[in-house]
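Here the structure is laid out as structure tokens; the discussion comes afterwards.
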There are 2 protein chains.
Amino acid sequence: MTDKDLRDRIKEVAVKQFNANGYYGTTIRNIANEVKCSLPMIYYYYNNKKELFDEIIKKDFFNVVKKQASHLKSDNIIDLYTKFIYNLNALSDYEKLVYRLGIKVYLSFDGDEELMNLMDEWEKSILPRHREILKSHTKNLDNEKAIVRTLVHLLETLIENIVVKNRYLPEDEIREEISIVLQGCVAK
Amino acid sequence: MTDKDLRDRIKEVAVKQFNANGYYGTTIRNIANEVKCSLPMIYYYYNNKKELFDEIIKKDFFNVVKKQASHLKSDNIIDLYTKFIYNLNALSDYEKLVYRLGIKVYLSFDGDEELMNLMDEWEKSILPRHREILKSHTKNLDNEKAIVRTLVHLLETLIENIVVKNRYLPEDEIREEISIVLQGCVAK
DNA sequence: TCCTTTATTTAACGTTCGTTAGAATTTTAT
DNA sequence: ATAAAATTCTAACGAACGTTAAATAAAGGA
């Protein structure tokens, strides 16, 4: 913690403050105070406030998301999604806050238009990706489209509960809810 | 629109700007500019910035929520929830923005601790309320708790889609998703 | 050792912020 | 018509903002 690069410590504190007070509620001075460095050091490592914010979303947020999505593997689809969500509990505090800030931008509660467009693009990839996963794990369904939509909607609130509201969700509760949505896809 | 009380017009513009730029990103000057009144007029009708923000949440947001919840009546449970969500599409732009700001506070993306506590209290009432509705509309179920939880989770994302992301959700898509979650509760 | 590069600081810049004092105007009641 | 009350304005206050200039300190290689 104390030996970490000052640049990383600045970003870590920034993530905390952007989360708590938003972009405009966060000041370079407050960041510097919490990092215990002088104010211009922020400008030594980052060109300006916006660039600091942008790097958190563009680099760190999408890294967390990609890392988490890479664990989407299992032959049992209910297991697969249960673990996908349950693993979020184990993210580090920093990763959770980065994820949370990303969701804030995703809902356009913070950030600017450029970041919003990035999020829009990312969002478009969600439904097709889960449709493929579902297709490869289940028999053909007539209401496949609706099930994928419902599943993704459910996943979204589960993620929000863990990451945004910072709550722990037990594995069996996650499994129950996913099973209810996928009960038509899966042989008992 | 032009004949409305200045006090209301100020609040209307404030809702718009608090939504777009957050509490700290919104300035009294910007509000006054968009309202086309002088800056101290805001202070003539509201003691300060925080009081303006608080009134939007404490009064207007909970009014919208209560008004919407009052329509939760029907003998068919799938119809009931479908209409509950579908009706959100018909909210006025102002009501939607008020609702959106409330959700922002609910997720503690804006506002202060006091408002957050209000939201926590409100949240606690959600699950029991829907449990009662479900109980009165369906036969006894073994996994009733899980179904209520899943339903409420699904409702939350549907609300977010309409109110936060400002998208139109067609009635049949809403019905499909609610049916998937409630398929175990309802006789075909 | 001295010089160059890297890291960090103090101090300030112009701007904008929330808020208020105090005067001018408009409306209302008598 | 006139006095009182309600509304609106111009102008300013001190504080905090993002950002930068310029000086100092530390580190590393010749």
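Chain letters run A, B, ... following the sequence lines, proteins first and then strands; every chain starts at 1. Note that the structure is predicted; figures quoted are calculated from it, not measured.
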Among K11(B), K96(B), R100(B), which one satisfies salt bridge (Lys or Arg N to Asp or Glu O under 4.0 Å) with D60(B)?
K11(B)
Indicate yes or no: at least one non-hydrogen side-chain atom of V15(B) is less than 4.5 angstrom from one of N19(B).
yes
Within a 6.0 Å radius of atom NZ on K67(A), are there more than 12 heavy atoms belonging to other residues, nucleotides or ligands?
no
Does atom CG of D112(A) have more than 12 heavy-atom neighbours, drawn from other residues, nucleotides or ligands, at distances under 6.0 Å?
yes
Side-chain heavy atoms under 4.5 angstrom apart, residues restricted to Ile, Leu, Val, Met, Phe, Trp, Tyr: same cluster for F18(A) and M116(A)?
no
N/O-N/O pairs, protein side and nucleotides 6-10 of chain D side, under 3.5 Å:
residue, atom, partner, partner atom, Å
dT7(D), OP2, Y44(B), OH, 2.9
dT7(D), O5', Y44(B), OH, 3.4
dT8(D), OP2, Y45(B), OH, 3.2
dC9(D), OP2, S38(B), N, 2.8
dC9(D), OP2, S38(B), OG, 2.7

Using 30° and 60° as the class limits, which term best fits the ring planes of F109(A) and F109(B): parallel, tilted or perpendicular?
tilted
Nearest whole Å is fine: how far is dT16(C) P from I31(B) CD1?
17 Å
Nearest-Å distance, CD1 (I10(B)) to C1' (dG18(C))?
15 Å
Could you state the CG-C1' distance from L52(B) to dG18(C), rounded to the nearest angstrom?
13 Å
To the nearest Å, give me how far apart CD (E51(B)) and C1' (dT19(C)) are.
14 Å
Could you check how far CD1 of I42(A) sits from P of dT10(C), rounded to whole Å?
14 Å
Tell me whether the count of non-hydrogen atoms from other residues, nucleotides or ligands lying under 6.0 Å of CG in D75(B) goes above 12.
no
Helical bend (five base pairs per end, nearest 10°) for the helix from dC2(C)-dG29(D) to dT30(C)-dA1(D)
10°
Charged N to carboxylate O below 4.0 Å: is that the case for D54(B) and K59(B)?
no
Measure OH/Y46(A) against P/dA7(C) and give the value in whole Å, please.
13 Å
What integer distance in Å separates N47(A):CG from dG18(D):P?
16 Å
Contacts under 3.5 Å, N or O only, protein and nucleotides 13-17 of chain D:
none

